[in-house]
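Only this structure's heavy atoms are used, side chains among them; waters, hydrogens and symmetry mates stay out.
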Amino acid sequence: MKAVLLWMIRFYRKVISPARPPCCRFIPTCSAYALEAIEKYGAWKGGFLALRRILRCNPFHRQKSIEYDPVP
């Protein structure tokens, strides 16, 4: 499961992400955060952390500044 999630994120970063303008309001980006969280904590806990982060990084959030939010 962990390998599949990591492959999907790497595929997104190589194929889909370059076609879109940068829109993440966090440092590191959400995909980099997800890679690190899944590598560090595994598929379940890392996947939960990544999903929570992606749900917080949405275009309707009021704050417009860049936030530093590393993997715990």
Where do [X] and [Y] come nearest, in terms of heavy atoms and distance?
X	Y	answer
Tyr33	Leu49	CE2-O, 3.6 Å
Met1	Ala43	CG-CB, 3.7 Å
Lys2	Gly42	CD-CA, 4.5 Å
Asp69	Phe26	CB-CD2, 3.8 Å
Cys30	Ile54	CB-CG1, 4.2 Å

note = Only residue of Leu5, Val15, Leu35 satisfying side-chain contact (heavy atoms from CB on, under 4.5 Å) with Arg10 is Leu35
ask   = In Å, rounded to the nearest 0.5 Å, how long is the span from CD of Glu39 to CG of Leu6?
value = 5.5 Å
task = Can you measure from OG (Ser31) to CD (Glu36) and round to the nearest 0.5 angstrom?
result = 11.5 Å
query = Does Phe48 have its ring centroid less than 6.0 Å away from the ring centroid of Trp44?
reply = no
N/O donor-acceptor pair under 3.5 Å between Arg25 side chain and Arg56 backbone = yes
ask   = Would a distance-only check, ignoring hydrogens and angles, find a side-chain to backbone donor-acceptor pair under 3.5 Å from Lys40 to Pro72?
value = yes
Ring pair (Phe, Tyr, Trp, His ring centres under 6.0 Å) partners of Tyr12, counting only residues at least two apart = none
query = Are Trp7 and Ile16 connected, step by step, through hydrophobic side chains (Ile, Leu, Val, Met, Phe, Trp, Tyr) whose heavy atoms are closer than 4.5 Å?
reply = yes
